[in-house]
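Below is one structure, written out as structure tokens, with a few remarks after it.
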Amino acid sequence: MFPLADSRRFLWLLIPLLGCCLPCLADLKVLVRLEDGQVTEENLQADSDKDFITLEFRKTDGTFVTYLADFKQDVKIFRVLILGELERGQSQFQALCFVTRLQSNEIIPSESMAKLRQKNPHAVRQAEEMRGTDTLQMDVAVNFTKGVQLTPHIHNICAEAKEAIYTRQEDVRLWLERGIDGSMFEVLPQPSSLPPLHPCKLCHRDWKPCICSYHLSLEWIPCSLKYCKNRDSSGKTTSYRCGIRSCQKAFSFHFYVTQKQLCLWDEET
């Protein structure tokens, strides 16, 4: 169904058989409960050398979600592969990429993630902390070819979404201050544009431009390290790492599309 994503996962299955000829990623599979109550498997991979983490899972409706945190560039990417409605003229699947800044307390470092293990792999995990929903106005398009300046992972993660890579103006301003080439960004029409743009769910024509919304929830993220205290032989108190704290975090993305046909899921929300 998703040829590029499936081929990447198949490659990682081959690596152990080849004696790990390529650099191996630390891999952790965790069972989590989705918003609709169904259970799915999260696959978390960490590369401490290149300093990044990926988290992947499949939603009940078949949507495949990838979250990547690039600690070297302080950038995170969300990619979603959404099954298309063939009877309404859509392709087999639709890909979206959302690129924004990585905050310091969102997820544990790649080195810590690489060491993470679980005692009971059959347990369904629930987050200890609910961090609510961030509403993100993704009002800028990112050029796929030049996007490697933001993070080298964009060419791998967003290859299926070359014409649908979005970011925010506030992120762009920060990147421009850091010397990133501004020609990779294009500000998109806003709801206040003339003629005014309406939410896609209120638009009655499939070929009319509108503001699309997509909701995404990460149900289980290792978001911080836990520290315990101990006393040494002299009575001095010391602290040491003794586990992780897990969080749930949701995101509501809003972005311009040239036609409602590219946002049919918004009718159901």
Side-chain angles (χ1 to χ4, degrees), residues 1-10 12-13 27-45 53-69 76-88 90-100 106-107 113 118 121-136 138 153 156-161 164-166 199-201 211-223 246-255 257 260-269:
M1 187 65 69
F2 308 118
L4 294 180
D6 288 343
S7 64
R8 281 196 292 272
R9 288 197 297 276
F10 182 64
W12 286 115
L13 291 173
D27 184 272
L28 178 69
K29 291 180 171 58
V30 178
L31 296 178
V32 300
R33 195 173 301 278
L34 298 172
E35 291 178 293
D36 60 7
Q38 299 299 311
V39 174
T40 192
E41 183 181 75
E42 281 187 1
N43 184 15
L44 299 103
Q45 294 183 328
I53 291 171
T54 60
L55 182 157
E56 294 186 314
F57 65 94
R58 193 181 300 275
K59 296 171 65 175
T60 308
D61 63 3
T63 299
F64 191 75
V65 178
T66 300
Y67 164 85
L68 181 140
K76 64 176 178 280
I77 302 175
F78 299 89
R79 182 196 63 184
V80 290
L81 299 177
I82 305 164
L83 291 177
E85 298 187 31
L86 301 180
E87 67 279 6
R88 296 185 64 176
Q90 288 191 322
S91 58
Q92 190 175 24
F93 69 89
Q94 183 176 344
L96 302 170
C97 260
F98 305 108
V99 184
T100 185
E106 287 189 45
I107 192 167
M113 181 73 82
Q118 59 177 334
H122 302 293
V124 178
R125 306 293 173 182
Q126 290 186 315
E128 302 168 72
E129 179 183 341
M130 310 300 285
R131 290 191 169 181
T133 302
D134 283 352
T135 299
L136 304 175
M138 310 302 287
H153 302 285
N156 179 37
I157 298 297
C158 300
E160 301 96 337
I165 307 175
Y166 303 94
C200 291
K201 61 184 176 182
I211 300 298
C212 185
S213 298
Y214 190 83
H215 179 80
L216 174 63
S217 181
L218 303 180
E219 297 300 327
W220 191 88
I221 317 169
C223 54
S246 60
C247 296
Q248 182 271 349
K249 183 67 180 178
F251 304 86
S252 182
F253 301 101
H254 303 274
F255 53 99
V257 291
K260 181 185 175 179
Q261 181 78 357
L262 299 174
C263 186
L264 295 181
W265 61 82
D266 211 6
E267 297 176 334
E268 304 168 3
T269 58

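When the side chain to side chain donor-acceptor pair (under 3.5 Å) test is applied to D134, the partners found at least two apart in sequence or on another chain are K249.
Under a 3.5 Å cut-off, the side chain of T40 and the backbone N or O of R58 do form a donor-acceptor pair. Of the possible polar contacts, none joining the Q248 side chain to the M130 backbone as a donor-acceptor pair under 3.5 Å is found.
With values rounded to the nearest 0.5 angstrom, L96 atom CG is found 4.5 Å from I82 atom CD1. The NZ atom of K59 sits 6.5 Å away from atom CG of L216, with the distance rounded to the nearest 0.5 Å. Remark: C223 SG to E129 CD distance equals 5.5 Å, nearest 0.5 Å. Distance CZ/F98 to CG/L136: 9.0 Å, rounded to 0.5 Å. Note that the OG1 atom of T66 and the CG atom of L81 stand 6.5 Å from one another [nearest 0.5 Å]. Taking CG of D266 as the reference point, atom NZ of K260 lies at 8.5 Å (rounded to 0.5 Å).
Counted within 6.0 Å of CD on Q118, heavy atoms from surrounding residues, nucleotides or ligands total more than 12; the atom is thus considered enclosed.
A disulfide bridge connects C158 to C97: their SG atoms sit within less than 2.5 Å of one another. C200 does not pair with C263 as a disulfide, the SG atoms being 2.5 Å or more apart.
Residues F57 and E219 fail the side-chain proximity criterion, which asks for heavy atoms closer than 4.5 Å. Side-chain atoms of V30 and L44, non-hydrogen and from C-beta on, do get closer than 4.5 Å to each other. A 4.5 Å side-chain heavy-atom check between N43 and D27 finds at least one atom pair inside the cut-off. Looking only at side-chain heavy atoms (C-beta outward), P222 and M113 come within less than 4.5 Å of each other.
W265 and Y214 have perpendicular rings, their planes meeting at more than 60° on a 0 to 90° scale where under 30° would count as parallel.
When only modelled atom types and interatomic distance are considered, H215 and S252 share no side-chain donor-acceptor pair under 3.5 Å.
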| message | Go through it in stages, so that I can follow the logic: the residues are I165 and V99, the test is side chain to side chain contact (heavy atoms under 4.5 Å, CB included), and I'd like the CA-CA distance, side-chain angles, deciding distance and then a yes or no. | response | CA-CA 7 Å; I165 307 175; V99 184; 3.8 Å; yes

| message | Under the criterion side chain to side chain contact (heavy atoms under 4.5 Å, CB included), I'd like the reasoning laid out for E42 against R125: C-alpha separation, chi angles, the key distance, then a yes or no. | response | CA-CA 10 Å; E42 281 187 1; R125 306 293 173 182; over 6 Å; no

| task | Mind running side chain to side chain contact (heavy atoms under 4.5 Å, CB included) on F255 and L262 for me, showing each step along the way? | result | CA-CA 11 Å; F255 53 99; L262 299 174; over 6 Å; no

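Heavy-atom minimum distance, A164 versus A95: CB-O, 3.6 Å. When all heavy atoms of I107 and I53 are compared, the pair lying nearest together is CD1-CG2, 4.0 Å. Among all heavy-atom pairs drawn from Y166 and M138, the shortest one is O-CE, 3.4 Å. Here the shortest heavy-atom pairing between I157 and R79 reads O-CD, 2.8 Å. When all heavy atoms of V39 and R33 are compared, the pair lying nearest together is CG2-NH1, 3.6 Å. In this structure, E106 and R131 approach most closely via the heavy-atom pair CA-NH1, 4.1 Å.
Residues F251 and F78 place their aromatic rings such that the two centres sit under 6.0 Å apart. With ring centers used as reference points, F64 lies 6.0 Å or more from F93.
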